[in-house]
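Order of appearance sets the numbers: ligands from 1, and atoms from 1 within every ligand.
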Amino acid sequence: MPTYILGIESSCDDTSASVLCDGKVLSNLVANQEIHKSYGGVVPELASRAHQQNIVPVVSQAISLANIDKNQLNAIAYTRGPGLLGSLLVGSSFSKSLSLGLDIPIIEVNHMQAHLLANFIEDCSKEKPTFPFLGITISGGHTQIVLVKDYFEMTVIGETLDDAMGETFDKCGKMMGLPYPAGPIIDKKSKLGDFDKFKFTKPKVDDLNFSFSGLKTGFLRFIEKESELNSKFISIELNNLCASLQNTIIEILFDKVTKAIKSTGIKNVVFGGGVSCNSGIIKKFKEEKNDFKVFFPKFEYTTDNAAMIAMVGYLKFKNHLFSNLEKGAKSRYNI
Ligand code: KG4
Ligand code: ZN
């Protein structure tokens, strides 16, 4: 008998639903919330309202695109956290009600675990990582190095002490007048710029931790100073600014990941999270001279999506790791 899992993701500003059959994606719909663009970042109250509007149509379309009837579903997996509480509450309450209505089990999913386990989705038609591996979560809210011994045996061994990597892309982008989220735009513009044109100071942080607030402030001071000399500085140098900023971020990441490889002896590196689709990061880590193996999720499973939630649901379903109606949404939720 095939196992059908419905995944529901609503941790930030994307409402997503997906149906997987035995770990293979039958449907994966993401409703982006355009409303935040004009605010230059996610407005939590607007995000929860938009989730409420989107969740019913997104879930019903995901089920019909999968070409199954809702009564064929074996379980519902939902994002319990971490994320914006109001956003999480919409997905968790909806999932609980649907599981009651259909009389099927509910499975809670940690969003950051899901970003890493997205590499196990069956339609990735590529080699799967083997354990143990170093999980690198780089998203709008997180930047972590995780020691992963098994699907659900994860320990954070390094993380950002302030801003996350995606946040750094987005905030520096905002300083240059780019809309939210600026990460993908900076990535695109970087391809046309000189990554050696400007030098930004890299943080000196001990261990395997990261810090991006100094880079962010240094970047702001630099563009403010240059703009005083030439008011068109940003528009003239936009591609070079993007390329130099992205290059600095990649160097910070590469230094820490190679340090983690050295200190743990683990040579399998698995990426996850929205920033892991950055073309510069993929290029740098896939260089042939590297003596470690890297895994990136398929493009559509890097930024927030429900297929990764359903994938974790499937892995938990096989291991009878079910949740219950008492468990509530958690804005802070360790991996
Ligand atoms: O994982 P995600 O969709 O949401 C969170 O869990 O935070 O990540 C979103 C983040 C945003 O900061 C966005 O700017 C960044 O991922 N991002 C990128 C790229 N695509 C998305 N950053 C750099 N380069 C990209 N190509
Ligand atoms: Zn995410």
Shell check on the Zn ion (ligand 2): protein N, O or S atoms less than 2.8 Å away are His111 NE2, His115 NE2, Asp304 OD1
Only distances under 3.5 Å count here; give the side-chain donor-acceptor pairs of residues 258-276 to other protein atoms, sequence neighbours excluded, each with its distance to 0.1 Å.
{"residue": "Thr258", "atom": "OG1", "partner": "Phe254", "partner atom": "O", "Å": "2.7"}
{"residue": "Thr258", "atom": "OG1", "partner": "Asp255", "partner atom": "O", "Å": "3.0"}
{"residue": "Lys259", "atom": "NZ", "partner": "Asp207", "partner atom": "O", "Å": "3.0"}
{"residue": "Ser263", "atom": "OG", "partner": "Lys259", "partner atom": "O", "Å": "3.4"}
{"residue": "Ser263", "atom": "OG", "partner": "Ala260", "partner atom": "O", "Å": "3.4"}
{"residue": "Thr264", "atom": "OG1", "partner": "Ala260", "partner atom": "O", "Å": "2.7"}
{"residue": "Thr264", "atom": "OG1", "partner": "Ile266", "partner atom": "N", "Å": "3.2"}
{"residue": "Lys267", "atom": "NZ", "partner": "Asp291", "partner atom": "OD2", "Å": "3.1"}
{"residue": "Asn268", "atom": "ND2", "partner": "Thr130", "partner atom": "O", "Å": "3.2"}
{"residue": "Asn268", "atom": "ND2", "partner": "Thr130", "partner atom": "OG1", "Å": "3.0"}
{"residue": "Ser276", "atom": "OG", "partner": "Gly273", "partner atom": "O", "Å": "2.6"}

Answer yes or no: are there more than 12 heavy-atom neighbours, outside Lys24 itself, under 6.0 Å from its atom NZ?
no
Roughly how far, to the nearest 0.5 Å, is CD1 of Ile335 from OG1 of Thr137?
5.5 Å
Taking the side chain as everything from C-beta on, heavy atoms only, tell me whether Leu20 gets closer than 4.5 Å to Met311.
yes
After noting the C-alpha distance and the side-chain angles of Phe133 and Phe131, does the key distance pass the ring-ring contact (aromatic ring centres under 6.0 Å, His included) rule?
CA-CA 5 Å; Phe133 61 74; Phe131 299 106; 5.4 Å; yes
Contact residues of ligand 1 with a heavy-atom cut-off of under 4.0 Å?
His111, His115, Ser139, Gly140, Gly141, Gly166, Phe169, Asp170, Pro181, Gly183, Pro184, Asp187, Gly273, Gly274, Val275, Cys277, Asn278, Thr303, Asp304
Give the intermediate values and the outcome of side chain to side chain contact (heavy atoms under 4.5 Å, CB included) for residues Ile8 and Ile76.
CA-CA 8 Å; Ile8 295 180; Ile76 299 170; 4.3 Å; yes
Taking Glu287 first and then Lys283, would you say they form a salt bridge - that is, a charged N and a carboxylate O separated by under 4.0 Å?
no
Answer yes or no for Lys174 and Tyr180: cation-pi contact, defined as NZ/CZ to six-membered ring centre under 6.0 Å and angle to ring axis within 45°.
no
May I have all residue pairs that pass salt bridge (charged side-chain N to carboxylate O under 4.0 Å, His left out) and include part of residues 320-335, sequence neighbours excluded?
Glu108-Lys327
